[in-house]
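Have a look at the structure below, then the notes.
First the proteins, then the strands, lettered A, B, ... as listed; each starts at 1.
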Protein chains: 2
Amino acid sequence: MTPPSSRPTMRDVAERARVSPKTVSNVLTGTAQVREPTRLRVEQAMRELDFVPNLSARGLRNGRSGVIGLAQPDLRAAFSASMTHAVVEAAHARGLVVQVEETAAEPARERDLVTRARTHLIDGMILNPVRLQDSVVEHLDHLPPIVLIGEVEQHRTDRVFINSRSAARDAVRHLLARGARRIVALGGAEHGAGLDKATQGQRLRGYLAGLAEAELPASPELQVEVPEWTIAGGAAGMREILERGAEFDAVLAFTDSIALGAMHELRSWGARLPEDVLVCGFDDVEHARFAGTPLTTIAFDHQAYANAALDLLTSRMRDRGLPPRAQEIPYELLARTSTQGPPAGFSGKNSPI
Amino acid sequence: MTPPSSRPTMRDVAERARVSPKTVSNVLTGTAQVREPTRLRVEQAMRELDFVPNLSARGLRNGRSGVIGLAQPDLRAAFSASMTHAVVEAAHARGLVVQVEETAAEPARERDLVTRARTHLIDGMILNPVRLQDSVVEHLDHLPPIVLIGEVEQHRTDRVFINSRSAARDAVRHLLARGARRIVALGGAEHGAGLDKATQGQRLRGYLAGLAEAELPASPELQVEVPEWTIAGGAAGMREILERGAEFDAVLAFTDSIALGAMHELRSWGARLPEDVLVCGFDDVEHARFAGTPLTTIAFDHQAYANAALDLLTSRMRDRGLPPRAQEIPYELLARTSTQGPPAGFSGKNSPI
DNA sequence: CTGAAAGCGCTTACAG
DNA sequence: CTGAAAGCGCTTACAG
């Protein structure tokens with residue numbers, strides 16, 4: 001094992017520049033003014049020695065590491081990838097680096113993360129929760145600053161969100177306006193844990209509200225939960241609806257990845273898109289626009305979302321006593337080919353595979 | 001600012017358990033045997049105080065942080081997302097956490113990362129290089145252990161790779177066997193920097209080799225570089241070929257994301273897939289299988305790839321004196337709908353948009 | 001199996 | 001504007 005001391009330290013720099021370590025520190029952090037010639041001497045010594053400050057030592061001393069955590073359920077999902085990109089960019093702009101965590105692989109992972117977060121050298125955390133918002137809140141006093149992303153129903157943590165309920169209702173209105181009457185909810189169901197889960201619950205509520213205001217019935221047959229919000233998960237959910245033999249003419253998928261899986265499954269059962277079935281997604285990830293049938297979706301500015309999360313997080317890192325804040329990011333429905341109606345309708349009974 | 005001392009320390013635990021700090025350390029690290037009753041007393045004290053070790057202090061003391069870096073060009077790309085997932089899982093299994101970096105956003109980012117890597121508290125780094133393999137090699141002595149992923153042409157660094165050259169040649173053979181004769185290379189070109197860049201160069205060489213062994217000419221008109229290996233980048237590259245008025249009957253895209261963009265662009269120019277044009281990608285990301293026209297691609301085990309990278313990295317973290325090692329991961333060509341030939345052929349002249 | 005001392009490399013008061 | 005001292009919270013020799 002290479003000994004830790006193989007790297008030059010501030011002390012080495014100080015000796016070479018003939019100043020005290022404190023002056024080197026001043027040059028590095030800009031805490032105090034340093035006279036030009038002294039500063040140049042110190043900088044040259046740093047260059048000559050190829051000095052790099054030891055962040056463990058700095059972290060130990062001032063209690064901050066410059067690292068934030070970003071925890072998401074499944075890093076493979078397109079929305080996660082887009083959010084990781086946006087958070088890394090936003091963090092970089094603020095002099096922070098990002099440690100990523102994945103919570104959905106094992107049930108215990110999200111709880112572990114929250115209870116053991118402090119062990120991970122992080123100054124703060126952005127968490128896209130699947131299950132555990134309550135237990136986050138319980139542990140809040142023992143945790144580093146946390147910003148939740150998504151529609152978590154509590155008011156003790158900072159959070160960034162889009163109004164998923166209203167967005168889902170808008171999506172239903174759009175599908176109805178394009179001639180749909182029997183809309184599948186792909187991602188949540190009233191029975192099951194549907195309404196209990198943060199983002200999923202809000203989208204389901206919006207779906208139900210959209211049907212209600214059009215005085216259309218909500219049919220359990222047209223609702224299905226999707227455990228993994230991936231393309232494969234969406235395909236599996238769609239298959240379940242099709243195997244039920246349900247009749248429908250539109251699908252509201254709770255993410256774009258789910259929508260892509262649904263479109264694939266529908267095509268393989270012989271459905272024409274959008275002639276038979278309209279499809280709407282959520283998130284506007286890159287492949288929504290480039291899908292075989294370009295996907296209508298709820299779009300919002302992912303970078304603005306990440307910037308808001310980092311603003312909340314860094315302000316709380318400066319002052320943990322701030323009241324909890326919630327910031328809403330605007331969305332818009334982007335109509336693409338996948339909802340060019342009116343749809344003829346489809347059913348798994350039409351064409352067993 | 002919350003003072004660093006707000007958390008209980010090993011000293012607090014030691015006092016409560018009536019032992020020395022050293023014993024607490026022994027319980028924590030398992031360095032030395034601790035008698036059962038003592039250990040239980042210490043563990044109870046840790047629980048009562050909600051003690052979590054300070055990793056900055058541990059890192060300062062033993063020179064390791066337990067964090068590895070993962071640097072990729074563009075975190076939004078589907079392959080990056082898949083690799084991030086796989087590396088996080090592999091790291092987790094080894095008790096490590098992952099800090100992510102993005103290098104393509106600004107030209108200086110990759111160099112910065114390499115020259116300043118040590119500042120980032122990381123014990124090692126997995127780097128998917130775009131430009132800078134040479135300068136990585138130059139700096140190697142001053143860097144933490146590095147594993148390169150991708151087809152970098154040098155032999156001083158540990159690396160994991162698939163044989164992209166042979167894979168690209170296999171893809172060309174496959175396209176030719178399915179009836180193609182004029183194959184677009186979407187991602188690299190002989191003129192331009194085509195052959196100089198690691199992965200891109202290997203795939204281009206394989207493409208040229210495949211044509212040569214069939215005694216078919218390589219036409220510069222059918223080659224184009226794609227600066228961003230994303231869906232949008234693929235669409236832009238395909239558009240350039242189409243606007244040249246080139247005639248072709250197949251596309252070898254250098255990643256699946258590029259392929260998806262190409263398929264979208266082809267469709268919007270009126271091409272039928274695969275009736276007019278065959279398309280083959282690279283990487284087998286999830287959306288390749290679920291594309292409107294399921295995509296033939298070069299598939300390999302992403303998790304095995306990540307595991308290999310971590311094995312190389314952790315072994316080098318233990319012993320920096322090891323000779324450089326290269327590990328090849330096997331691939332296979334997965335034939336899907338997008339290469340069901342024979343293709344009729346297409347040209348941008350057919351249908352100006 | 002357990003303890004007392006020293007030190008990893010920084011930065012923060014405290015002096016000048 | 002610069003310096004000498006102390007200490008952040010651990011772990012590593014060194015004793016017993």
Side-chain angles (χ1 to χ4, degrees), chain A residues 1-43 45-46 49-67 118-123, chain B residues 1-43 45-46 49-67 118-123:
Chain A
M1 180 71 60
T2 313
S5 56
S6 64
R7 286 161 47 171
T9 71
M10 275 181 22
R11 191 192 158 98
D12 300 322
V13 175
E15 275 173 19
R16 188 178 197 95
R18 322 240 263 120
V19 296
S20 78
K22 164 65 174 158
T23 304
V24 179
S25 174
N26 286 343
V27 170
L28 230 43
T29 61
T31 313
Q33 295 281 33
V34 179
R35 259 189 316 192
E36 186 74 6
T38 313
R39 190 167 56 71
L40 290 175
R41 233 170 49 239
V42 170
E43 284 169 353
M46 294 201 291
L49 293 172
D50 191 24
F51 169 78
V52 179
N54 180 324
L55 294 196
S56 285
R58 183 179 287 175
L60 173 58
R61 181 59 240 209
N62 67 19
R64 277 171 293 125
S65 63
V67 182
R118 288 180 302 163
T119 71
H120 284 197
L121 276 174
I122 61 178
D123 294 340
Chain B
M1 183 71 60
T2 313
S5 56
S6 63
R7 286 160 46 171
T9 71
M10 274 181 24
R11 190 191 160 96
D12 299 323
V13 175
E15 277 174 16
R16 190 180 195 93
R18 324 241 262 120
V19 296
S20 78
K22 165 64 174 161
T23 303
V24 178
S25 175
N26 286 343
V27 170
L28 229 43
T29 62
T31 313
Q33 295 283 31
V34 179
R35 259 188 317 189
E36 185 73 7
T38 314
R39 189 168 56 70
L40 290 175
R41 229 167 53 235
V42 170
E43 284 170 353
M46 295 199 293
L49 293 172
D50 193 21
F51 169 78
V52 179
N54 180 324
L55 293 196
S56 285
R58 181 180 289 175
L60 173 59
R61 181 60 239 210
N62 68 17
R64 278 170 292 126
S65 63
V67 182
R118 288 181 302 163
T119 71
H120 283 196
L121 275 175
I122 60 179
D123 295 340

Margin query: On DNA chain D, compare the nucleotides closest to B:Asn26 and B:Ser56; which residue's is nearer the 5' end?
Written below: B:Ser56
Item checked: Candidates D:dC10, C:dC10, C:dC8 - which lies nearest the side chain of A:Arg58 -> C:dC10
Notebook entry, point to check: When you check the phosphate oxygens OP1 and OP2 of D:dT2, does a side-chain N or O of A:Arg35 lie under 4.0 Å from one of them?
Noted result: yes
Margin query: Can you measure B:Arg11 atom CZ to D:dC8 atom C1' for me and round it to whole angstrom units?
Written below: 12 Å
Next item on the list: Determine whether B:Arg16 and B:Asp12 make a side-chain contact, defined as any pair of heavy atoms from C-beta on separated by less than 4.5 Å.
Entry: no
Next item on the list: Run the numbers on B:Arg39 and B:Val42 for side-chain contact (heavy atoms from CB on, under 4.5 Å), then give the verdict.
Entry: CA-CA 5 Å; B:Arg39 189 168 56 70; B:Val42 170; 5.7 Å; no
Item checked: Atom-pair distance (CZ on A:Arg64; P on C:dG9), nearest Å -> 21 Å
Next item on the list: Once you apply the 3.5 Å cut-off to both distances, tell me the Watson-Crick or G-U wobble partner of C:dC14, or none.
Entry: D:dG3
Checklist line | Whole angstrom value for the distance that separates C1' of D:dC10 from CG of B:Leu121 | finding: 15 Å
Item checked: Distance in angstrom units between A:Asp12 CG and C:dG9 P, rounded -> 8 Å
Note to self: With a 4.0 Å limit, can you tell me whether A:Thr38 has a side-chain N or O closer than that to the phosphate oxygens OP1/OP2 of D:dC1?
What the structure shows: no
Margin query: Looking at B:Ser25, I'd like to know whether one of its side-chain N or O atoms comes within less than 4.0 Å of OP1 or OP2 on D:dT11.
Written below: yes
Note to self: The side chain of A:Asn54 is closest to which nucleotide in this list: C:dC10, D:dG9, C:dG3?
What the structure shows: C:dC10
Next item on the list: Determine, step by step, whether B:Thr23 and B:Thr38 satisfy the side-chain contact (heavy atoms from CB on, under 4.5 Å) criterion, reporting the C-alpha distance in whole Å, the side-chain angles of both residues, the deciding distance to 0.1 Å, and the verdict.
Entry: CA-CA 9 Å; B:Thr23 303; B:Thr38 314; 3.9 Å; yes
Margin query: Distance check needed: D:dA4 P versus A:Met10 CE, whole Å only.
Written below: 13 Å
Check: Rounding to a whole Å, what distance do you find between B:Arg41:CZ and C:dC1:C1'?
Finding: 13 Å
Notebook entry, point to check: Roughly how many Å is it from CG in B:Leu60 to C1' in C:dG7, rounded to a whole number?
Noted result: 9 Å
Next item on the list: Drop me the distance from A:Ser56's OG to B:Asn54's CG, to the nearest 0.5 angstrom.
Entry: 9.5 Å
Note to self: Tell me the interatomic distance from A:Arg61, atom CZ, to C:dT11, atom P, rounded to whole angstroms.
What the structure shows: 9 Å
Checklist line | Candidates C:dG3, D:dA4, C:dC10 - which lies nearest the side chain of A:Lys22 | finding: D:dA4
Next item on the list: Output yes when at least one side-chain N/O atom of A:Ser20 is less than 4.0 Å from OP1 or OP2 of D:dG3, else no.
Entry: yes
Next item on the list: Choose from C:dT2, D:dT12, C:dG9 the nucleotide whose nearest atom is closest to any side-chain atom of B:Asn62.
Entry: D:dT12
Item checked: Stepwise side-chain contact (heavy atoms from CB on, under 4.5 Å) check, B:Leu121 with B:Val67 -> CA-CA 7 Å; B:Leu121 275 175; B:Val67 182; 5.6 Å; no
